[in-house]
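A short worksheet on the structure shown next.
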Amino acid sequence: MDFFETILWPLRWLVELVLWAWHWLFTALGMDAASGATWLLSIIGLVVVVRSALIPVTVRQIKSQRRMMDLAPDMKKIQDKYKGKKDQYSREAMSRETMALYKKHGTNPFASCLPILVQMPIFFSLFYVLRHAAEKRQGIGFMDEALTENFYNAKLFGVAPLRMNFGSAWEAQNWTVIIILGTIMVLMIASQFFTQLQIMSKNVSDETKNSPMYRQQRIMLYIIPFAFLFSGFTFPLALNVYWFTSNLWTMGQQFIVIRNMPTPGSEAWRARQERLKAKGKLTDEERRAKERGEELPEPQQPQVGQRQQPISAKRAKKKGK
């Protein structure tokens with residue numbers, strides 16, 4: 001057992017538990033224990049459990065990303081202030097002002113990466129669990145000899161072993177696995193690109209779109225999705241199914257967030273304001289106030305039993321002005 005396997009031991013045990021539970025459920029419903037479909041559904045069930053548990057972390061990430069976008073203009077001012085100054089005092093002052101800006105907005109650059117940082121240990125734990133099963137090695141908990149044997153023999157559509165990766169499929173000339181993996185890679189790249197494009201085009205304020213940070217992120221939009229080429233060629237079919245299902249979850253989650261919790265001043269925010277107005281839930285005055293970033297004070301209600309003093313028409317007219 002290598003160092004990383006030892007470090008990930010608790011997570012591997014939990015991954016085996018969740019896989020065993022879903023596999024037991026689908027087997028109890030009458031599905032074949034060694035069927036590829038049974039294991040495919042078990043892996044999808046693992047995605048549901050993991051991503052549901054990460055919803056609070058994801059909400060925090062979304063808020064952090066929004067704050068990072070909002071502070072982009074202020075960050076540009078700090079960068080311009082110390083542009084060309086490379087002495088130690090200037091660097092320290094720039095660092096202090098940057099940290100103060102992060103503190104003021106209640107965010108930091110690493111908070112937006114938190115969900116992916118949490119998911120990666122789970123992903124690699126599943127990798128070790130499936131790799132051991134592919135080598136007919138028992139797991140450390142619930143992946144006993146019988147369950148390991150079932151996974152080893154599991155084939156999708158009866159011809160595509162879930163334990164195969166692109167390299168082993170190419171050696172075996174298993175074109176079904178090659179086609180499935182190729183399709184998953186294309187769909188993963190497309191779903192990741194679409195998810196990021198939704199954020200960049202619809203959920204970013206007009207002011208932020210004019211900042212250098214936004215232009216840099218637009219460049220990354222076309223680069224990051226192609227990282228899935230590595231996973232498609234390296235990881236087995238079962239692990240690619242997990243990653244692709246997780247991508248679909250992210251895409252659906254972002255759609256819900258952008259529709260219901262859009263960034264103020266963005267295209268999605270204006271669309272939501274129009275929907276609320278059409279339903280009679282938003283007045284023109286509230287819409288204009290929200291566009292200016294203001295909050296309307298709540299009307300004061302007279303207390304029960306409190307007598308309101310009458311005022312003259314002249315005073316009422318003056319108060320209205």
Side-chain angles (χ1 to χ4, degrees), residues 1-28 31 33-61 110-156 161-168 181 184 188 227-228 230-250 253:
M1 183 180 295
D2 62 29
F3 175 75
F4 288 105
E5 289 186 68
T6 305
I7 293 296
L8 295 173
W9 194 96
L11 285 177
R12 290 169 57 205
W13 190 90
L14 288 173
V15 167
E16 289 188 12
L17 171 62
V18 175
L19 280 177
W20 169 85
W22 283 107
H23 187 270
W24 174 86
L25 174 64
F26 293 123
T27 304
M31 298 185 70
S35 168
T38 305
W39 280 101
L40 192 70
L41 291 174
S42 300
I43 292 170
I44 294 174
L46 176 65
V47 174
V48 172
V49 171
V50 171
R51 296 306 301 268
S52 297
L54 290 178
I55 286 177
V57 181
T58 305
V59 171
R60 183 179 176 184
Q61 175 210 23
F110 302 104
S112 60
C113 303
L114 191 57
I116 191 69
L117 293 177
V118 174
Q119 283 189 78
M120 289 312 295
I122 300 173
F123 179 80
F124 283 110
S125 298
L126 178 60
F127 168 75
Y128 283 118
V129 170
L130 297 182
R131 188 180 74 171
H132 285 187
E135 295 172 353
K136 281 194 174 182
R137 285 195 288 164
Q138 290 184 223
I140 58 175
F142 293 85
M143 289 291 290
D144 55 18
E145 183 178 354
L147 206 58
T148 300
E149 184 73 22
N150 284 337
F151 176 80
Y152 185 86
N153 295 322
K155 295 180 179 179
L156 199 59
L162 293 177
R163 56 186 168 82
M164 271 192 172
N165 60 15
F166 199 92
S168 58
L181 283 174
I184 288 177
M188 281 198 295
F228 291 108
F230 172 78
S231 64
F233 280 99
T234 307
F235 299 130
L237 176 57
L239 205 58
N240 276 283
V241 168
Y242 172 88
W243 203 241
F244 175 56
T245 308
S246 184
N247 256 24
L248 292 179
W249 178 290
T250 301
Q253 185 173 257

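The structure displayed is predicted, hence computed values, not measured ones.
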Tell me whether [X] contacts the main-chain N or O of [Y] through its side chain, where contact means a donor paired with an acceptor under 3.5 Å.
X: Ser42; Y: Thr38; value: yes
X: Ser52; Y: Val49; value: no
X: Asn165; Y: Leu237; value: no
X: Gln138; Y: Asp144; value: no
X: Trp13; Y: Gly141; value: no

Reported [atom1]-to-[atom2] distance for the pair [X] and [Y], which is rounded to 0.5 angstrom:
X: Tyr152; Y: Lys136; atom1: OH; atom2: NZ; answer: 5.0 Å
X: Ser246; Y: Ile43; atom1: OG; atom2: CD1; answer: 13.0 Å
X: Trp20; Y: Leu17; atom1: CH2; atom2: CG; answer: 7.0 Å
X: Asn240; Y: Met164; atom1: CG; atom2: CE; answer: 14.5 Å
X: Gln253; Y: Leu54; atom1: CD; atom2: CG; answer: 9.0 Å
X: Phe244; Y: Asn247; atom1: CZ; atom2: CG; answer: 7.5 Å

Quiz prompt | Step-by-step side chain to side chain contact (heavy atoms under 4.5 Å, CB included) determination, Phe235 to Trp243 | solution = CA-CA 10 Å; Phe235 299 130; Trp243 203 241; over 6 Å; no
How about [X] and [Y]: do any of their side-chain heavy atoms sit closer than 4.5 Å?
X: Val129; Y: Met143; answer: yes
X: Val47; Y: Tyr242; answer: yes
X: His23; Y: Leu147; answer: yes
X: Leu41; Y: Met31; answer: yes
X: Lys155; Y: Pro161; answer: yes
X: His132; Y: Ile140; answer: no

Practice problem: Give the intermediate values and the outcome of side chain to side chain contact (heavy atoms under 4.5 Å, CB included) for residues Val50 and Val15. | Solution: CA-CA 9 Å; Val50 171; Val15 167; over 6 Å; no
Practice problem: Show your working on ring pair (Phe, Tyr, Trp, His ring centres under 6.0 Å) between Phe26 and Trp39 and close with a plain yes or no. | Solution: CA-CA 9 Å; Phe26 293 123; Trp39 280 101; over 10 Å; no
Exercise. Check step by step if side chain to side chain contact (heavy atoms under 4.5 Å, CB included) holds for Val48 and Trp249.
Key: CA-CA 8 Å; Val48 172; Trp249 178 290; 4.3 Å; yes
Exercise. Take Thr245 and Arg51 through the side-chain hydrogen bond (donor to acceptor under 3.5 Å, both in side chains) test and state the conclusion after the steps.
Key: CA-CA 10 Å; Thr245 308; Arg51 296 306 301 268; over 6 Å; no
Quiz item: Of the non-hydrogen atoms in Pro121 and Ser125, which two are nearest, and what is the gap between them?
Solution: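 Of all heavy-atom pairs spanning Pro121 and Ser125, the closest is O-OG, 2.7 Å.
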Quiz item: Should the heavy atoms of other residues, nucleotides or ligands under 6.0 Å from CD of Glu145 be counted, would the total exceed 12?
Solution: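 For Glu145, atom CD is not crowded (no more than 12 foreign heavy atoms under 6.0 Å).
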Practice problem: Test side chain to side chain contact (heavy atoms under 4.5 Å, CB included) on Leu130 and Phe151 and set out the steps. | Solution: CA-CA 8 Å; Leu130 297 182; Phe151 176 80; 3.7 Å; yes
